Amino acid sequence: MGLPPVKKIKTGFSTGEEVLNILAQTSELPKIILEYREISKLKSTFIDALISKINPRTKRLHTQFNQTVTSTGRLSSSEPNLQNIPIKTELGRKIRRGFIPEDNFIFASFDYSQIDLRVLAHITKDKALRAAFIEGADIHTATAAEVFGLKKEEITNEMRKRAKGINFGIVYGQQSWGLSQQLGITPEEAQNYINQYFEKYSGVKNWITQTTKTAKETGYVTTLTGRIRYLPEINSPNAQIRAFAERTAINTPIQGTSADIIKIAMININKRCKMQDARCRMLIQVHDDLLFEIKKDEIDKHVPMLKSEMENAMKLDIPVVVDVKIGKNWADMERIKSEK
DNA sequence: AAGTATAGCCAC
DNA sequence: AAACGTGGCTATACTT
Ligand SMILES: Nc1nc2c(ncn2[C@H]2C[C@H](O)[C@@H](COP(=O)(O)OP(=O)(O)OP(=O)(O)O)O2)c(=O)[nH]1
Ligand SMILES: [Mn+2]
Ligand SMILES: [Mn+2]
């Protein structure tokens, strides 16, 4: 079409979102394709498919939470997957807005704040990261401020979300060219940023080195509760396969521990707030987030208990914080104060 | 009419 | 996108 091919894949030229975004700078067509892709994806996956799965008796969607699918200890959700309901774009939020509580109930969501980074601080004992959380810092916002050259007060939700990708990317082994693409900077600048990051969080770097070494010796890694993931490929002679396993060795103890924490919280909460409870129902888990529907006049009775159960499920040597939001639908949720 | 492999994209 | 990680679902092309 006269457009320069950007990157290729096995079968030819890629037309993925990131490629199209680059091409969109020179031509109008990629923009239209991207627009079509978004609408098409949302309609097929989240409108048509979800409607067809509504239970006629309960008039609800009933997902399956799979406990033996992931390799890290996370749950997965299927038929339909309710852990990937759109939230990023306005059109996506319109779909999320379709999820509503029963009459006289309200939604309450409890999402762990910066959970993997807190677990990382605990497990690695990194001085700077621990100090940051003890001071009540928000690393995602801080990274956003650094990267965008703004004050923390000027950081929007979207910028913070992008910074999340940067923080997790770097700690889970992203390379300079990957970060350079993500940030739109040169690989040299990206490498500088990564170096600087691990200089600041040298305890994380040391833990990565040590964990990789141990994994190569033992052939497995573990989470804080002792969950094991075997990584036979970590000693592969194939550098690419080996590198994959090395990144997995770093991610699994952290992601898996985050999963352990919320699972313990869910068990403890279930003892106090039964699923069949008429007034306080745990509906969905989204990895570090629990969505409840609660009788409107009993919010104050249940919310502090739920928040506390989640924050104290597993004691870390840094604070564990849960952000609580309340709303009439799953898209328009507003934060409420901590009021302990 | 069923299964398989890709590419692509939604979420955390 | 060749290489932050963990998932599930859809459309499409291609098999059997
Ligand atoms: N490796 C990786 N992990 C991710 C990514 N996005 C989310 N996660 C994991 C790590 C997060 O701590 C965890 C929960 O996701 P959230 O969206 O709730 O982010 P987080 O808790 O870090 O920040 P928050 O304070 O809730 O906004 O899921 C990602 O892009 N890469
Ligand atoms: Mn969170
Ligand atoms: Mn979350």
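This is a predicted model, so every value here is computed, not measured. Naming: A, B, ... by sequence-line order, numbering from 1 per chain.
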To the nearest Å, give me how far apart [atom1] ([X]) and [atom2] ([N]) are.
X         : N       : atom1 : atom2 : value
Gln114(A) : dC12(B) : CD    : C1'   : 15 Å
Lys164(A) : dG5(C)  : NZ    : C1'   : 15 Å
Asp260(A) : dC12(B) : CG    : P     : 21 Å
Tyr197(A) : dC4(C)  : OH    : P     : 15 Å
Trp177(A) : dA2(C)  : CH2   : P     : 8 Å
Phe13(A)  : dG8(B)  : CZ    : P     : 13 Å
Phe46(A)  : dG8(C)  : CZ    : P     : 13 Å

When we call it a touch if two heavy atoms are under 4.0 Å apart, what does [X] touch: a base, just sugar-phosphate, or nothing?
X         : result
Glu18(A)  : base
Glu17(A)  : sugar-phosphate
Arg229(A) : sugar-phosphate

Practice item. Would you kindly confirm whether Phe65(A) and Ile267(A) end up in one hydrophobic cluster when ILVMFWY residues are joined by side chain heavy atoms under 4.5 Å apart? Key: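 Phe65(A) and Ile267(A): separate clusters.
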
Exercise for review: Inspect the contact between Lys205(A) and Glu199(A) and indicate whether a charged nitrogen and a carboxylate oxygen are less than 4.0 angstrom apart.
Suggested key: no

Review point. Are Gln64(A) and Asn66(A) close enough that a side-chain donor and a side-chain acceptor fall under 3.5 Å?
Key: yes

Review point. Looking at residues 58-90 of chain A, who's got a heavy atom less than 4.0 Å off DNA chain B?
Key: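 Residues of residues 58-90 of chain A under 4.0 Å from DNA chain B: Arg74(A), Gln83(A), Asn84(A), Ile85(A), Pro86(A), Ile87(A), Lys88(A).
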
Practice item. For the side chain of Glu38(A), starting at C-beta, report the closest nucleotide among dC12(B), dC10(B), dG5(C). Key: dC10(B)

Study note, to complete from the structure: Of the candidates dA3(C), dC10(B), dC12(B), the side chain of Gln175(A) sits closest to dA3(C)

Point to revise | Counterpart residues, ring-ring contact (aromatic ring centres under 6.0 Å, His included), relative to Phe168(A) (two or more places apart) | key: His140(A)

Check your understanding: Do Phe292(A) and Phe110(A) make the cut of ring centroids closer than 6.0 angstrom?
Key -> yes

Practice item. Could you tell me whether the side chain of Gln255(A) and the main chain of Pro253(A) form a donor-acceptor pair under 3.5 Å? Key: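 No, because the side chain of Gln255(A) does not come within donor-acceptor range (under 3.5 Å) of the backbone of Pro253(A).
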
**Study point:** Identified side chain to side chain contact (heavy atoms under 4.5 Å, CB included) partner of Lys263(A) from the options Leu75(A), Asn268(A), Thr225(A)
**Key:** Leu75(A)

Study note, to complete from the structure: Excluding Ile32(A), membership of its hydrophobic cluster (Ile, Leu, Val, Met, Phe, Trp, Tyr; side-chain heavy atoms within less than 4.5 Å) reads none

Check your understanding: Can you list the other members of the hydrophobic cluster that holds Ile228(A), where links are side-chain heavy atoms under 4.5 angstrom apart?
Key ->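 Listed partners: Tyr220(A), Tyr230(A).
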
Practice item. Applying side-chain contact (heavy atoms from CB on, under 4.5 Å), name anything that partners Arg272(A), two or more places apart in sequence or on another chain. Key: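 So Arg272(A) forms a side-chain contact (heavy atoms from CB on, under 4.5 Å) with Met305(A), Glu309(A).
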
Check your understanding: Mind checking the P distance from dA7(B) to dA2(C)? Whole angstroms is fine.
Key ->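 About 9 Å, rounded to a whole number of Å.
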
Exercise for review: Can you tell me, in whole Å, how much space there is between the C1' of dA1(C) and that of dT6(B)?
Suggested key: 15 Å

Check your understanding: Do any side-chain nitrogens or oxygens of Arg37(A) fall under 4.0 Å of OP1 or OP2 in dA7(B)?
Key ->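 Arg37(A) to dA7(B) OP1/OP2: no side-chain N or O under 4.0 Å.
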
Point to revise | Phosphate-side-chain proximity, Ser14(A) and dG8(B), N/O vs OP1/OP2 below 4.0 Å | key: yes

Contact list (N/O, under 3.5 angstrom) for nucleotides 10-13 of chain C vs protein:
unit_1  : atom_1 : unit_2   : atom_2 : d
dT10(C) : O3'    : Ser44(A) : OG     : 3.4

**Study point:** Comparing Gly16(A) and Gly178(A) on DNA chain C - which has the more 5′ nearest nucleotide
**Key:**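 Its nucleotide being nearer the 5' end, the pick is Gly16(A).
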
